[in-house]
Amino acid sequence: METPQKERAILVGLSADSMEPKERSTEESLDELGELLETAGGICCAKVLQNRHEPEPRTFIGDGKVQEVKELAQANDCDLAVFDNELSPSQMRALSDDLGIRVIDRSSLILDIFASRARTSEGRLQVELAQYKYLLPRLTGMWTHLVRQSASASPIGTRGPGETQLETDRRHIRRKIQRLEQELEQVRKVRGTQRRRREKNGLPVVALVGYTNAGKSTLLNRLTDAGIPAENRLFDTLDTTTRRLQVSDTLEVLVSDTVGFIRKLPHHLVEAFKATLEELTYADLIVHVIDASNPEWATQVEVVDELILELGAEKTPRIEAFNKFDIVPMDTVMPKGEHIVRISAKTGEGIEALLAKIRELLDQGKRRAVVHIPYEKGAVVELLHTEASVVSTAYKENCVEIEAVMTPETFGKVKAYVFLTDYTEPDPEDYWNENG
């Protein structure tokens, strides 16, 4: 079987004074665009960074730079130009005509990667919705030979039907968007039900967030033996994975891996993935995984912080886990703070410190105890099921035996019925293995 030939591409970016700083292209963002291209299966043959006071309305980068890009593309046998900035539909058409090759922007490239990475039905729904929302305003460019013109200027055979077909396509896509949004609303409802069940069981949720390729999946594997494939490439994991983690004898949590963030993440993609990302707003603790080995880590932290703010999770307690410390030079200066830990998810270095920090923020002095409650004290049984995390319930001859993890306040309420407290047997991990 023949290996598909990789597309050869030239990368183009614009840094304009009139742009917001985060929208400008830099050498670093072009390098990242090259990694995205490689992830999508392409080859970067050349890079062009243009500086202007403001974008040129028609070609974005100006006619002179377009000619330079065209010559470079021809010299390197490129059949694709990828722009680091988001292009308008008209700019994309003009550039494609002038360059004589296919033109896409960063958003289109990221959407393509997401489409190839999504594995679950939910992930595919979210990507499809983002793609249709991205495509809708660009439909006109696909029908340039059939767009409405004045009666005298329209070529024979194009008066009317083109507009009809274009409008038909628009209506079709709007219907698809509406259907996908309805399906994702059902996903939200299912997640809400699952969330309420978790809250009833009293299991705190720890969400792993971070820039793409920061090592979130590797960390989840290290903590829980999740067995998630974790390769050194951008957006290797899109679908959320949740696993139980026994942090201590009195603290069990659910750890959720989330989709990685990246600068200039397409707005439609953020909107589509909100069904997944809104889990952050319900998390009890966020662990922000930072690639300490990346020279751009500070910029990446800003990107993640902005998205956390956009999602409304800025008030959730947070631990900053500086990952990949096994490959960070010894003389590298890193920030220090009460909620900062240095780890290597690959080697296991610093994992105990991370667990201790999770325990410190979530345990809240909880105690594990076995209580013997007389049958006539049904209100105490109900109290434990409401306020504590019940591990097991057994009905004895004279009492109900409940094993539970509870806050000091709840422990005080049931102290008179305590039979055993703060012990380690039976092993809670064994219990969950047997009972799920």
Side-chain angles (χ1 to χ4, degrees), residues 7-16 18-20 23-25 29-30 32-34 36-37 40-42 44-52 54-74 76 78-115 127-149 162-163 165-167 169-170 172-174 177 262-272:
E7 285 191 86
R8 299 170 62 82
I10 182 168
L11 308 185
V12 186
L14 172 66
S15 178
S18 61
M19 288 178 168
E20 291 288 329
E23 298 299 327
R24 297 172 188 166
S25 260
S29 68
L30 277 179
E32 186 177 80
L33 188 66
L36 286 167
L37 177 67
C44 173
C45 300
K47 297 176 184 176
V48 175
L49 180 61
Q50 165 73 317
N51 292 289
R52 288 175 60 95
E54 59 184 8
E56 200 275 324
R58 180 179 176 275
T59 63
F60 193 66
I61 55 175
D63 292 338
K65 191 59 71 171
V66 167
Q67 187 58 36
E68 179 186 329
V69 171
K70 183 175 183 178
E71 291 171 2
L72 264 174
Q74 290 173 343
N76 289 278
C78 295
D79 44 20
L80 176 66
V82 184
F83 278 71
D84 192 33
N85 318 82
E86 186 161 343
L87 300 173
S88 70
S90 61
Q91 288 168 339
M92 204 172 286
R93 288 197 304 274
L95 284 163
S96 184
D97 290 342
D98 291 355
L99 295 174
I101 57 177
R102 198 158 58 90
V103 174
I104 64 173
D105 59 15
R106 186 185 183 95
S107 294
S108 181
L109 181 60
I110 292 175
L111 285 169
D112 183 78
I113 294 169
F114 269 55
V127 174
E128 189 179 357
L129 176 60
Q131 286 178 315
Y132 276 124
K133 286 189 172 182
Y134 176 82
L135 175 63
L136 187 58
R138 291 164 172 79
L139 265 186
T140 305
M142 301 169 64
W143 290 96
T144 50
H145 62 301
L146 292 176
V147 293
R148 179 187 290 172
Q149 302 176 39
E163 181 69 12
Q165 183 61 59
L166 180 58
E167 287 305 314
D169 284 354
R170 281 176 174 156
H172 174 68
I173 288 180
R174 288 191 185 105
I177 288 173
I262 196 168
R263 73 185 95 190
K264 304 179 188 176
L265 195 63
H267 179 70
H268 293 322
L269 206 53
V270 176
E271 283 295 315

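These numbers come from the heavy atoms of this one structure, side chains and all, not from hydrogens, waters or symmetry mates. Position 1 is the first residue of the sequence, and the numbers go up from there.
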Roughly how far, to the nearest 0.5 Å, is the CG atom of L129 from the CG atom of L269?
9.5 Å
For residues L136 and R170, determine if any side-chain heavy atom of one lies less than 4.5 Å from a side-chain heavy atom of the other.
yes
Of the non-hydrogen atoms in S25 and N85, which two are nearest, and what is the gap between them?
OG-OD1, 3.7 Å
With sequence neighbours excluded, what pairs up with R52 under the side chain to side chain donor-acceptor pair (under 3.5 Å) test?
none
If you define the side chain from C-beta out and look only at heavy atoms, does anything of F83 sit under 4.5 Å from V69?
no
Could you walk me through whether D84 and L11 satisfy the side chain to side chain contact (heavy atoms under 4.5 Å, CB included) test, starting with their C-alpha distance in whole Å, then the side-chain angles of each, then the deciding distance to 0.1 Å, before giving a yes or no?
CA-CA 7 Å; D84 192 33; L11 308 185; over 6 Å; no
Shortest non-hydrogen separation from S29 to R106 and the atoms involved
O-NH1, 3.6 Å
How long is the gap from CG on D169 to CZ on R174, to the nearest 0.5 Å?
11.0 Å
Side chain to side chain contact (heavy atoms under 4.5 Å, CB included) between F60 and V12: does it pass, once the steps are laid out?
CA-CA 11 Å; F60 193 66; V12 186; over 6 Å; no
For the residue pair L95 and T59, what are the closest heavy atoms and their distance?
CD2-O, 3.4 Å
Sub-3.5 Å donor-acceptor pair from the side chain of Q91 to the main-chain atoms of P57, do we have one?
yes
Strictly below 4.0 Å, N to O, side chains only: are E7 and R102 in salt-bridge contact?
yes
Side chain to side chain contact (heavy atoms under 4.5 Å, CB included) with L80: which of V103, I104, L99, I101?
I104
Between E20 (side chain only) and E23 (backbone N and O only), is there a donor and an acceptor less than 3.5 Å apart?
no
Would S108 and M92 count as a side chain to side chain contact (heavy atoms under 4.5 Å, CB included) if you check the C-alpha gap in whole Å, the side-chain angles of each, and the deciding distance to 0.1 Å?
CA-CA 11 Å; S108 181; M92 204 172 286; 5.7 Å; no
Ignoring hydrogens, what is the shortest heavy-atom contact between E32 and I262? Give both atom names and the distance.
OE1-CG1, 3.5 Å
Drop me the distance from N76's CG to I10's CD1, to the nearest 0.5 angstrom.
7.0 Å
What are the two closest non-hydrogen atoms of I113 and A40, and how far apart are they?
CG1-CB, 3.8 Å
